[in-house]
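Read through the structure below, which is laid out as C-alpha cells, and then see the notes.
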Amino acid sequence: MAGPQALPNILEITPYKGGQKLDNAHKLSSNENPLGCSPKAQAAVSKAAKHLELYPDGSAMALREAIGAKYGIDADRIVCGSGSDEIFQLLARAYLRPGDNIVQSQHGFLVYRLVAQQSGAETRSAPEQNLTADVDAMLALVDENTKIVFLANPNNPTGSYIPYSEVKRLHDGLPENVLLVLDGAYAEYVKLNDYDSGMALAGEAPNVLVTRTFSKIHGLAALRLGWAYGPESVIDAIHRTRGPFNVNAVAQAAGIAAIHDDAFQAASVAHNDAELARVSAAIEKLGFEVFPSVGNFVLIRFPETPGRTSAEADAFLRQHGIVIRNVAVYGLPDCLRASIGTVEQNNDMLAAFEAFAKS
Ligand SMILES: *Cc1c(COP(=O)(O)O)cnc(C)c1O
C-alpha cells in the first residue's frame, strides 16, 4: 500500500534552491551584504543569546515600534515574519485557494509562484519590456479570480524598477478587492527621484501592502526577519495565519539594533553605489551585456556562441573561486546574476571575468 500522499499541488512544487556556496570561493550568489551586519546588531545577538530559555514576544512589539518610529508609520499596522518569504506564505494561506490566481511580472521573484502553488492557486506572469515590469501587461492578466498582484520593486533578478507613477497606475487599475504587494527588499538601495517604495500608499489604500526585509541592507539574512505594513484588515489576516511565535527573540533583538544603526545602512548604500557602478562598467568593458541595476546585484547576458555561453561562464568562474547565480529558473537561461561583494571579492570576480573573456 502507498504511504501518505501529499496534495497534488504540493507535489508539483519545484523546491526553492538558494544561492550556492563552495568552499574557498567567494559567494556572490544570494545578494547578501558584503559589509556583514551592524556591530550593534551583533552585540544585541550576544546579549539575547543569554536567555534562550525564554519564549519571544509573539507580537514583536518592541521591534514593530522601532520600525514604526524609523519610518513614521503606525506600529499596529506592521507585522513581522521569519523573513519576508514567510509573509508571502502567510498571504497565500490567508487569501488564496484553488481556482484563484496571482499576477506577477515575467521575471518576478520565484517565491511568489511557490506560495501560490502551496495554496493550489495559478500564477500568471505578464511579459516584460526590456526586462522591466509592464503595468498594462500586468493589468491585462487580472480577472475576477485574481486575489494578489506581486511586484518586486526593484525586481530580483533583473535589477530593474518602475517609477512610482507606474506603481500608482498599477494600483489605480486594480479593483479594491485585489491586494497589491509591493516587495521592497532592495528599496533602501534606490536613491532616484522617481522611485518610491509605496509606504504612503500602503498607509492610505485599503489594498496595498509593503514588505521589507532585514536580509539585504541590514545583513541579517541568517536570522530570517522581514515585515509588512498595510491596511488593518490585511495585517489582521496575517496575524491570524502566522504561528504564535513566528519571529525568534534573537532576530527581534538584532532587528531593533539594526534599524537604529543609520551609519551602517549609509555605509552599505555608499559601498553599493560605488561598487555597483565600478563592477557594471568593468564587466561591460570586457564585452558582456550588463543590464542597468538599482539593486545590490547585476544581471549579465551571455551569447549562444559555444565557449561563450552562460553555462560555460558559470563553470569557468567556479573554477576560479567565484560563485554567482544561475537564473535559468527565472526564464533567463542565457544570464547570470552577480551580487556586489567586497572590493576584494569584486576584484577577484572581475579578474575571473577577464580571464574568461580571453579564454
Ligand atoms: C532577497 C529577497 C527577499 C527577502 O527575502 P527574506 O525572506 O526576507 O530573506 C524578498 N524579495 C525579493 C525580491 C528578494 O530578492
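When a ligand or atom number is given, it counts from 1 through the structure's own listing order. We count residues from 1, following the sequence as given.
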Nearest non-hydrogen protein atom, atom 9 (O) of ligand 1: Ser215 OG, 2.6 Å
Residue and atom name of the nearest protein heavy atom (relative to atom 7 (O) of ligand 1), distance in Å to one decimal: Arg224 NH2, 2.6 Å
Ligand 1 contacted by Ser84 (non-hydrogen, < 4.0 Å): yes
Phe214 to ligand 1, any heavy atom closer than 4.0 Å: no
Atom indices of ligand 1 within 4.0 angstrom of Ala185 heavy atoms, with elements: 2 (C), 3 (C), 10 (C), 11 (N), 12 (C), 14 (C)
Interfacing atoms of ligand 1 (cut-off 4.0 Å, heavy-atom, Asp85): 5 (O), 7 (O)
Main-chain N/O of Ile162 paired to Asn153 side chain as donor or acceptor, under 3.5 Å: yes
Options Leu110, Asp183, Thr213, ranked by nearest heavy atom to atom 12 (C) of ligand 1, top entry: Asp183
Shortest heavy-atom approach to atom 1 (C) of ligand 1 - which of Glu86, Glu32, Lys216: Lys216
Do the charged groups of [X] and [Y] touch, with an N to O distance under 4.0 Å?
X      : Y      : value
Lys70  : Asp262 : yes
Lys168 : Asp172 : no
Arg124 : Asp143 : yes

Row check, Phe356 ring normal vs Arg308 NZ/CZ: under 6.0 Å, within 45°: yes
Donor-acceptor pair between Thr158 and Asn155 side chains, under 3.5 angstrom: yes
Heteroatom proximity flag, Asn156 to ligand 1, N/O under 3.5 Å: yes
NE2-CD distance between His51 and Glu53, expressed to the nearest 0.5 angstrom: 6.0 Å
